[in-house]
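Note sheet for the following structure.
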2 protein chains.
Amino acid sequence: MQRNQTAYVILGILAIHPHQSGYEIRKTIQQSVGFFWGESYGQIYPTLKRLGAEGLIVPDVSASQTRPKRQEYSLTPAGHLCLQEWLAVPYREDPPRDEFLLKLFFGRDAAPGVSIQHIRRFQEENRRLLTTLLELEAMARAHNSQSLPGFPFWMLTLNFGVAQLRSALEWSESALALLSTGEAGLVSNPQPTNSTVPEKP
Amino acid sequence: MQRNQTAYVILGILAIHPHQSGYEIRKTIQQSVGFFWGESYGQIYPTLKRLGAEGLIVPDVSASQTRPKRQEYSLTPAGHLCLQEWLAVPYREDPPRDEFLLKLFFGRDAAPGVSIQHIRRFQEENRRLLTTLLELEAMARAHNSQSLPGFPFWMLTLNFGVAQLRSALEWSESALALLSTGEAGLVSNPQPTNSTVPEKP
DNA sequence: ACACACATGTAATTGGTTACATGATTTC
DNA sequence: GAAATCATGTAACCAATTACATGTGTGT
């Protein structure tokens, strides 16, 4: 097996952004790959220790300007090599589990209106996420970036997210339309129907 | 806490299709919700026992025509109620983890060509899955179904899958285009470029 | 005779979340 | 001086996969 995924995210983040502490690494993860990857402290701190013991990262001793005590780390050459090797290995897709789709699939056995509610929530969350991603994209384009060597890859994943969300939102409209004829029932929350899918500006 | 997801899939499957054994339940899962949900035997058999002990399902005693010894189960009224309650609870989305996107994101640090390889594989797998789903859809439409009360929900999830896959495939084309200018490197496997995205017939 | 699909299960391990414990620093 | 956020960590728990063990029936 040997799937230490957490370790590799940390290596990858440190490769882009050296001298970060566990706390910062987590924040960076949330802000950059957050929409398709998450890590908890309970996973990060122990892994940081382990990576240090294996010589893949080193705790920064210098530049003790840090206000509260905190430990920053950087990649060693061995760590960078390790990251590169992992990147070359075919990706492994872990078994998918989408509770939203599952509940929808079993919608026949749900009380009337339930599935519609789920789809509504799905829509709202996807809209929210989509606007976040579009903002991120705009910032990235406008701001510095561009010339950074990581930029195209970062854009690629962003574009992927945007494309998936748009398609999910389109689907959700047709899904609601389909269920409204026949389901309906007690459909609360008519909602001011805030526009529809955000478009790129 | 309290997310017994496995238990609910089993209840849901038995609600649609009673008198199934653990082995069959697993097959049914793979064939129906397989593209967004998976279960292993190590999870199914113990859960079956537990659900029996809780009175949510009953082992079928009758109709012992089954060639090899095997235990079939059916929902009890309590089990059906339990399923309904669970369906009404807002879905919980578990933290996303997409190793493909992660490796792509760190593509800057990969050897040349690596990211392209990943995308190629991604494309192939999505094409395969898409054709499978389209076949399923065609069968479902043509075949019996239609009138079954579960049909619209089943279609909804299928349509979702198809939409997501199409959008992913479109994205992958543009991604390859983007990486080909600059990456390239030693791009093996020029591949006979088997058409592109399958269209609906 | 051999292999493969049917069929049921258990044990070990792991990957991961959650909750808890603790304390410093900033901001209101 | 209270609250929020920065910051690091540990322990308990759990869901799930994997590998193993075992045996029957079917087809070649």
Side-chain angles (χ1 to χ4, degrees), chain A residues 1-11 13 19-31 33-34 36-53 57 59-60 63-73 86 91-99 102, chain B residues 1-11 13 19-31 33-34 36-53 57 59-60 63-73 86 91-99 102:
Chain A
M1 303 87 223
Q2 193 215 153
R3 48 202 265 283
N4 256 340
Q5 304 175 301
T6 304
Y8 297 108
V9 199
I10 292 178
L11 293 179
I13 295 291
H19 312 297
Q20 285 195 106
S21 65
Y23 192 85
E24 287 173 305
I25 288 173
R26 204 211 170 195
K27 274 209 149 179
T28 307
I29 289 173
Q30 286 178 333
Q31 289 164 5
V33 295
F36 62 81
W37 201 272
E39 289 293 346
S40 61
Y41 291 132
Q43 200 73 347
I44 289 177
Y45 286 114
T47 305
L48 239 21
K49 286 276 157 71
R50 218 203 67 214
L51 291 175
I57 63 177
D60 292 347
S64 48
Q65 243 65 336
T66 54
R67 269 74 79 217
K69 79 213 171 148
R70 65 175 177 175
Q71 190 51 259
E72 301 184 341
Y73 298 86
W86 175 73
Y91 66 89
R92 177 204 185 284
E93 37 193 341
D94 22 22
R97 296 203 131 199
D98 189 325
E99 199 178 284
L102 194 64
Chain B
M1 301 102 231
Q2 194 214 152
R3 46 202 264 284
N4 256 338
Q5 303 175 302
T6 304
Y8 296 107
V9 199
I10 292 178
L11 293 179
I13 296 290
H19 312 298
Q20 285 196 106
S21 65
Y23 192 84
E24 288 173 304
I25 288 173
R26 205 214 169 193
K27 274 209 149 180
T28 306
I29 290 174
Q30 286 177 333
Q31 289 165 6
V33 295
F36 62 82
W37 202 274
E39 289 294 345
S40 61
Y41 292 131
Q43 200 74 347
I44 289 177
Y45 286 114
T47 304
L48 240 22
K49 285 278 156 71
R50 218 202 65 214
L51 291 174
I57 62 177
D60 292 348
S64 48
Q65 243 66 334
T66 55
R67 269 74 78 213
K69 73 204 171 160
R70 66 174 175 176
Q71 191 50 259
E72 302 184 342
Y73 297 87
W86 176 74
Y91 66 88
R92 176 206 186 284
E93 38 194 341
D94 24 23
R97 296 204 131 197
D98 189 325
E99 199 178 284
L102 193 64

B/Arg92 has its side chain closest, among C/dT17, D/dA15, C/dG15, to C/dT17
N/O (side chain, B/Lys27) to phosphate O (OP1/OP2, C/dA7) under 4.0 Å: no
note: B/Asp94, atom CG; D/dC14, atom P; distance rounded to Å ~ 18 Å
Looking only at side-chain N and O atoms, does B/Thr6 come under 4.0 Å of OP1 or OP2 in D/dA16?
yes
The reported gap from CG in A/Leu51 to CD1 in A/Ile10 (rounded to nearest 0.5 angstrom) is 5.5 Å
note: A/Gln5, atom CD; D/dT17, atom P; distance rounded to Å ~ 14 Å
Here the distance between atom P of D/dA7 and atom NE2 of A/His19, to the nearest Å, is 16 Å
Hey, does the side chain of B/Glu39 reach the backbone of B/Ile44 with a donor-acceptor pair shorter than 3.5 angstrom? no
Separation of D/dT17 atom C1' from B/Ile29 atom CD1, nearest Å, is 15 Å
What N/O pairs connect the protein and nucleotides 8-11 of chain D at under 3.5 Å? Give each pair on its own line.
{"from": "D/dT8", "atom 1": "OP1", "to": "A/Gln71", "atom 2": "N", "distance (Å)": "2.9"}
{"from": "D/dT8", "atom 1": "OP2", "to": "A/Tyr23", "atom 2": "N", "distance (Å)": "2.9"}
{"from": "D/dT8", "atom 1": "OP2", "to": "A/Tyr45", "atom 2": "OH", "distance (Å)": "2.9"}
{"from": "D/dT8", "atom 1": "O5'", "to": "A/Tyr45", "atom 2": "OH", "distance (Å)": "3.4"}
{"from": "D/dG9", "atom 1": "OP1", "to": "A/Lys49", "atom 2": "NZ", "distance (Å)": "3.0"}

- Item | NZ/NE/NH1/NH2 to OD/OE distance under 4.0 Å, A/Arg97 and A/Glu99 | no
Next item on the list: For the pair B/Gln30 (side chain) and B/Lys27 (backbone), establish whether a donor and an acceptor sit closer than 3.5 Å, ignoring hydrogens and angles.
Entry: no
Ring pair (Phe, Tyr, Trp, His ring centres under 6.0 Å) filter on A/Phe36, not counting sequence neighbours, yields none
Rounded to whole Å, CD of A/Glu39 lies from P of C/dT17 at a distance of 6 Å
Taken to the nearest whole Å, CG/A/Asp60 to P/D/dA7 is 14 Å
Whole-Å distance, A/Arg26 CZ to C/dT17 P, equals 9 Å
Sorted by chain and number, sequence neighbours left out, salt bridge (Lys or Arg N to Asp or Glu O under 4.0 Å) with B/Glu93 holds for none
**Prompt:** Would A/Val9 and A/Thr47 satisfy side-chain contact (heavy atoms from CB on, under 4.5 Å), going step by step from the backbone distance to the final call?
**Reply:** CA-CA 11 Å; A/Val9 199; A/Thr47 305; over 6 Å; no
note: B/Tyr8, atom OH; D/dA15, atom C1'; distance rounded to Å ~ 14 Å
